[in-house]
Peer 1: 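Please find one structure pasted underneath; my questions will follow.
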Amino acid sequence: MRPGVRALASAVVLCGLAGIAGCGKTIIIGDAPPASSPPAPASSAPPQPPASGAPATPPASPLPGNDTLQLVDGTAEQNGVTGNGGTVVGAAVQPQPPRWVQLVAVRSHTLDAHLVDVNQSTLYRFDKDGANPSQTTCEGQCATTWPPVTIQEGGRVFLHGVHRAALGAIKRPDGTIQLTIGGWPVYRYSGDNGPGQANGQGLDGTWFAVAPDGGKAASAR
């Protein structure tokens, strides 16, 4: 892992549809040491909703300030939120991290359970990254072709068909917060310009649509 690539030291606050204050559970994502083992092998996509995601980080006291991400069960629309929070599509430049991000598990005629964002853009993982600990190796031109799924500190993540324990975050070298699933950093593909496209699936033998548990999405049966 390159210097400056750290797991985000923050609390992830878990809340349900009712938006009840003090939901009673937090996940602290602390600094990650350099990876000493290769990335985990591919796994088949689980049924929707997934059975169980990556184990939660051991609980600790939440940090003060805005270093928190709020997880909300259900889609943004189900929670009365409209728009896209600032999430862009395809090769469009992301001027700043979105205020909120939506992650939904879907199936298509080509892929089994995989994740899409609020714009129905397929989300991906990269075999050259790491999941234990979480780390990104996609910077520079790579991050232009494969924009990381980022979010503002203090933002909300709407989850549908995704186990809450599977979600995490890392801090990229530029200081932005990138979401992870099952420890794997998550990306869009600049070559996907319309809802449901998955043109990045299998590219270079290292990029794959991400399943709800962080594994590689399987081909549709």
Peer 1: Specify the closest pair of heavy atoms between P147 and G90, including all atoms of both residues, with the distance to one decimal.
Peer 2: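 Between these two residues, the closest heavy atoms are CG-O, 4.3 Å.
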
Peer 1: I want to check something: taking the side chain as every heavy atom from C-beta on, are I170 and Q135 in contact at a cut-off of under 4.5 Å?
Peer 2: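 No, side chains not in contact.
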
Peer 1: Starting from the C-alpha separation in whole Å, work towards a yes-or-no answer on side-chain contact (heavy atoms from CB on, under 4.5 Å) for R156 and V81.
Peer 2: CA-CA 11 Å; R156 288 180 291 175; V81 177; 3.9 Å; yes

Peer 1: Does N132 reach the main-chain N or O of G182 with its side chain, forming a donor-acceptor pair under 3.5 Å?
Peer 2: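 The answer is no, because no donor-acceptor pair under 3.5 Å joins these two groups.
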
Peer 1: T137 vs F126, test: side-chain contact (heavy atoms from CB on, under 4.5 Å). Steps then yes/no.
Peer 2: CA-CA 9 Å; T137 60; F126 185 32; 3.5 Å; yes

Peer 1: Run through L71, V118, I181 and flag the one making a side chain to side chain contact (heavy atoms under 4.5 Å, CB included) with L103.
Peer 2: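 Passing option: I181.
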
Peer 1: Yes or no on side-chain contact (heavy atoms from CB on, under 4.5 Å) for V104 and Q120, after CA distance, side-chain angles and deciding distance?
Peer 2: CA-CA 9 Å; V104 175; Q120 301 300 305; 5.9 Å; no

Peer 1: Counting N and O atoms only, with roles assigned by atom type, does the side chain of R99 sit under 3.5 Å from a partner on the main chain of G155, one being a donor and the other an acceptor?
Peer 2: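 Pair absent, no side-chain N/O of R99 close to backbone of G155.
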
Peer 1: Does any part of the side chain of E139, heavy atoms only, come nearer than 4.5 Å to the side chain of R172, both counted from C-beta?
Peer 2: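 Answer yes - side chains close enough.
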
Peer 1: Is the backbone N or O of T180 less than 3.5 Å from a side-chain atom of R125, with the two atoms forming a donor-acceptor pair by type?
Peer 2: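 A pair under 3.5 Å: no.
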
Peer 1: Is there side-chain contact between D127 and F208, with at least one heavy-atom pair below 4.5 Å?
Peer 2: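 They are in contact (side-chain heavy atoms under 4.5 Å apart), so the answer is yes.
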
Peer 1: Within this structure, what is the OG-CG distance for the pair S219 and L111, rounded to the nearest 0.5 Å?
Peer 2: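 Result: 6.5 Å between the selected atoms.
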
Peer 1: Quick check: closest heavy atoms across H114 and A217, and the distance to 0.1 Å?
Peer 2: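 Nearest heavy atoms, H114 then A217: CB-CB, 3.7 Å.
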
Peer 1: Could you list the residues that satisfy side-chain contact (heavy atoms from CB on, under 4.5 Å) with N119, not counting sequence neighbours?
Peer 2: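 By the side-chain contact (heavy atoms from CB on, under 4.5 Å) rule, N119 matches N84, T87, V89, D117, S121.
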
Peer 1: State whether the side chain of D192 and the backbone N or O of N199 hold a donor-acceptor pair below 3.5 Å, judged by distance alone.
Peer 2: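 It does hold such a pair.
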
Peer 1: Of all heavy-atom pairs between S190 and N193, which one has the smallest distance, and what is that distance?
Peer 2: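 Nearest heavy atoms, S190 then N193: O-OD1, 3.6 Å.
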
Peer 1: Are any of the side-chain heavy atoms of K171 and E153 separated by less than 4.5 Å?
Peer 2: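 Yes, their side chains come closer than 4.5 Å.
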
Peer 1: Contact between Q70 and T68 at the side-chain level, heavy atoms closer than 4.5 Å - yes or no?
Peer 2: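 Sidechains of T68 and Q70: no contact.
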
Peer 1: I'd like to check V186 versus L115 (side-chain heavy atoms, cut-off strictly below 4.5 Å). Are they in contact?
Peer 2: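 Of all side-chain heavy-atom pairs linking L115 with V186, none is under 4.5 Å.
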
Peer 1: Would you check if F158 and T75 make a side-chain contact, meaning some heavy-atom pair closer than 4.5 Å?
Peer 2: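 When only atoms from C-beta onward are counted, T75 and F158 do not touch, as no gap falls below 4.5 Å.
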
Peer 1: Would you give the length of the straight line joining atom CH2 of W146 to atom CZ of R188, rounded to the nearest 0.5 angstrom?
Peer 2: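 The CZ atom of R188 is 11.5 Å from CH2 of W146, to the nearest 0.5 Å.
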
Peer 1: In terms of hydrophobic clustering (I, L, V, M, F, W, Y; side-chain heavy atoms under 4.5 Å; direct or indirect links), are I177 and V162 co-clustered?
Peer 2: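 Hydrophobic grouping puts I177 with V162.
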
Peer 1: Sub-3.5 Å donor-acceptor pair from the side chain of Q178 to the main-chain atoms of P148, do we have one?
Peer 2: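 Side chain of Q178 to backbone of P148, a donor-acceptor pair under 3.5 Å: no, none is there.
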
Peer 1: Write down the atom of C138, the atom of A143, and the distance for their closest heavy-atom approach.
Peer 2: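 Taking C138 first and A143 second, the nearest heavy atoms are SG-N, 3.5 Å.
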
Peer 1: Determine the minimum heavy-atom distance between L69 and A169, stating which atoms define it.
Peer 2: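 Heavy-atom minimum between the residues: CD1-CB, 4.0 Å.
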
Peer 1: Can I get a per-line list of side-chain donor-acceptor pairs under 3.5 Å for residues 200-207, giving both atom names and the distance, sequence neighbours left out?
Peer 2:
{"unit_1": "Q201", "atom_1": "OE1", "unit_2": "A209", "atom_2": "N", "d": "2.6"}

Peer 1: Quick one: which of D129, T150, L123, V210 gives a side chain to side chain contact (heavy atoms under 4.5 Å, CB included) with Y187?
Peer 2: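 With Y187 as partner, side chain to side chain contact (heavy atoms under 4.5 Å, CB included) holds for just one option, D129.
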
Peer 1: Give me the atom names and distance for the closest heavy-atom approach of P212 to A166.
Peer 2: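 Looking at all heavy atoms of both residues, the closest pair is O-CB, 3.9 Å.
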
Peer 1: Less than 4.5 Å apart, any side-chain heavy atom of D213 and any of H163?
Peer 2: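 They are not in side-chain contact.
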
